[in-house]
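Notes for the one structure printed next.
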Amino acid sequence: MSPPLTNEPWDAHLIRYGMAFAPSLVAKARGTLLWDGEGREILDFTSGQMCATIGHNHPRIVAAIHEACEGALHLFSGMLSPPVVALSQRLAQMLPPHLSRALFLSTGGEANEAAIKLAKLQSGRYEIVGFTGAWHGMTSGAQSVNYVAGRQGYGPMMPGSLALPAPNAYHCPVRHCRDDCDGTCLEIGFDMIDAQSTGSLAALIAEPVESSGGVIVPPDFYWQKVKEQCEKRGMLLIFDEAQTAFGRLGCDFAFQHFATEPDILTLSKTLGGGLPLSATVISDETEATCHAKGFIHATSHVSDPLPAHVALAVLNVLEEEALNERALAMGKELTAGLRWLQEKHEIIGDVRGFGLLQGVELVKDRETRAPDAATGRAITARCMELGLSMNIVSVGQMAAIWRIAPPLTVSKAEIGRGIAIIDQAITEVLAKGLRAAAE
Ligand SMILES: Cc1ncc(COP(=O)(O)O)c(C=O)c1O
């Protein structure tokens, strides 16, 4: 690792972009482990920023990068290369017949931006419905349908951005159910959409399992109902599978788990395994219509060969190492560990999710379910000191939910080690809080 050039604070010349920077510089990453500049080992329960699903620096990713260097890394946007063509064919083989044409970009935000533009161009309409708690990216169109954070201070969002309440069974958005969503929020939500719409509903965009919004797993019937509602209104259904595609939930795509196929699919994070790559996937029909209407979405890195080469390696590893099955098996270990923690520690109000995407909600009181954000932050910081990197996601100002998502290659021993660290961190932070209150 190149050392910093001066002794100034690390962030003296960097813009702060949201979350606090970690307390130490990270020098190396392999599999489920990171090492800081002093060689201290850190267990990674966030898969980097949810991208390193096959583990950090998987040897096949490293080999693919070397191979790409023998070919081409980047080309004129109008040029195609063998890895890009192969990746488009590979995705078409994995997906239902109507999801047959891909556009390869760099980030999830860009893929959603393209999906929204394609939906608007095809339909000739402009209203896009999203979900409260959703995160779709930082570009203007994608950000307009982010309802979890970051809306304030930038002036008007994209005209026609509307929101449905997320089916959060632990905190029912319409104060109707408790722990078991019966879909009433969806009915009320669509009544409100109809009341607000100017008659130009183009598409609905959703994460099949809302992740940054707190790992919200809808009931099994939910997406089928959403699709029916979309069809009734002539809207396209866009699934954003940035985090859920390629194994995390034990299947190639989360829409398979929910038995509901989208009209447009976006892929990102997990496709590149840590390299910036995203894809917007549509039907032949939508492609033909949008092309005829002059669709343009050329970026500097559209159809770049390097990330496509790496994505092919990621998909091979997923299959050869049977990572879908592994995610389910290790997910059961993780759930068992988290439920054990929940029995032991009153602060854990809810454990949810499956496969290797699980949420743990920290509360002041299990009856009121009021979030304990301050203690959650303190425990998260203590976990890091003890060698476990955890992401605390927040819904609103005060919520405290760990999104626990180690690489799919995580071992049973590593899950056990992570659970033991969380146990120690909770015990210590709560004991310290009690001592402070007594003094
Ligand atoms: C579901 C989902 N969609 C899209 C994005 C945006 O992806 P990117 O940060 O690569 O633009 C994210 C990022 O966290 C995400 O979680």
Side-chain angles (χ1 to χ4, degrees), residues 31-33 43-48 50-56 58 60 91 93-96 167 169 207-211 214-224 239-262 265 267-271 273-274 313-342 348 350-361 388 390-391 401-420 422:
T32 315
L33 299 174
L43 193 53
D44 180 6
F45 270 19
T46 72
S47 298
M50 298 298 287
C51 305
T53 34
I54 68 166
H56 291 280
H58 191 290
R60 296 285 290 280
L91 287 179
Q93 282 167 359
M94 294 176 81
L95 287 165
E207 301 162 71
V209 171
E210 201 170 79
S211 178
V215 188
I216 309 300
V217 184
D220 286 347
F221 64 81
Y222 189 80
W223 291 119
Q224 200 49 53
F239 272 160
D240 171 356
E241 293 226 29
Q243 301 197 13
T244 51
F246 307 122
R248 190 155 288 291
L249 297 176
C251 38
D252 289 339
F253 305 99
F255 70 73
Q256 296 165 326
H257 174 86
F258 290 101
T260 307
E261 292 175 357
L265 176 68
L267 304 165
S268 49
K269 295 183 181 285
T270 55
L271 181 60
V314 169
L315 297 181
N316 286 339
V317 169
L318 187 73
E319 203 177 306
E320 289 161 22
E321 295 188 13
L323 293 182
N324 287 352
E325 292 75 16
R326 193 182 168 91
L328 289 180
M330 289 303 119
K332 284 191 181 134
E333 294 291 330
L334 181 59
T335 306
L338 296 174
R339 293 231 176 268
W340 175 77
L341 288 173
Q342 187 181 25
I348 297 185
D350 195 30
V351 172
R352 52 188 182 247
F354 61 99
L356 287 171
L357 180 57
Q358 304 203 16
V360 173
E361 186 150 348
L388 174 67
M390 295 264 284
N391 185 6
I401 301 158
W402 284 318
R403 177 178 67 200
I404 304 187
L408 312 185
T409 49
V410 68
S411 68
K412 195 171 159 179
E414 286 169 332
I415 289 176
R417 190 168 134 201
I419 295 291
I422 299 171

With side chain to side chain contact (heavy atoms under 4.5 Å, CB included) as the test, would you mind laying out the steps for Asp220 and His257 before giving the verdict?
CA-CA 9 Å; Asp220 286 347; His257 174 86; 4.3 Å; yes
Between Ile54 and Glu321, does a side chain to side chain contact (heavy atoms under 4.5 Å, CB included) hold up when you go through it step by step?
CA-CA 9 Å; Ile54 68 166; Glu321 295 188 13; 6.0 Å; no
Walk me through whether Val360 and Ile422 qualify under side chain to side chain contact (heavy atoms under 4.5 Å, CB included).
CA-CA 11 Å; Val360 173; Ile422 299 171; over 6 Å; no
Would you check, one step at a time, whether the test side chain to side chain contact (heavy atoms under 4.5 Å, CB included) holds for Thr32 with Ser411?
CA-CA 9 Å; Thr32 315; Ser411 68; over 6 Å; no
Are Arg248 and Thr53 close enough, and set up right, to give a side-chain hydrogen bond (donor to acceptor under 3.5 Å, both in side chains), and what steps lead you there?
CA-CA 7 Å; Arg248 190 155 288 291; Thr53 34; 5.5 Å; no
Please determine whether side-chain hydrogen bond (donor to acceptor under 3.5 Å, both in side chains) holds for the pair Gln358 and Thr335, giving the CA-CA distance in whole Å, both sets of side-chain angles, and the decisive distance to 0.1 Å.
CA-CA 8 Å; Gln358 304 203 16; Thr335 306; 2.9 Å; yes
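The line from CG of Leu334 to CZ of Arg339 is 10.5 Å long, rounded to the nearest 0.5 Å. Between Glu414 atom CD and Leu388 atom CG the span is 11.0 Å, to the nearest 0.5 Å.
With a 4.5 Å cut-off on side-chain heavy atoms, Val209 and Phe258 count as touching. Using a 4.5 Å heavy-atom threshold, the side chains of Arg352 and Ile401 count as touching.
No option in Ile404, Ile415, Asp350 other than Ile404 meets the side chain to side chain contact (heavy atoms under 4.5 Å, CB included) test with Leu338.
Residues Leu328 and Leu249 share a closest heavy-atom pair of CD2-O, 3.7 Å. Closest of all the heavy-atom pairs between Ser211 and Leu357 is OG-CD1, 4.0 Å. Residue Lys412 comes nearest to Met330 through the heavy atom pair N-SD, 3.7 Å, listed as atom of the first residue, atom of the second, then distance. Smallest separation of non-hydrogen atoms from Ala245 and Leu267: CB-CD2, 3.6 Å. Considering all non-hydrogen atoms of both residues, Asn324 and Gly247 come closest at OD1-CA, 3.0 Å. In this structure, Pro407 and Ala52 approach most closely via the heavy-atom pair CB-O, 3.4 Å.
For Phe246 and Phe253, the gap between ring centers is short of 6.0 Å. For an aromatic pair to be called close, the ring centres must be under 6.0 Å apart, and Phe45 with Trp402 fails this.
Panel note: side chain Asp44, backbone Gly48; a donor-acceptor pair is recorded below 3.5 Å. Between the side chain of Glu241 and the main chain of Ala254, a donor-acceptor pair closer than 3.5 Å is present. A side-chain donor-acceptor contact under 3.5 Å links Arg326 to the backbone of Leu408. Put simply, the side chain of Trp223 gets close to the backbone of Pro208: a donor and an acceptor are under 3.5 Å apart.
Heavy atoms from other residues, nucleotides or ligands lying under 6.0 Å from CD of Gln224 number more than 12.
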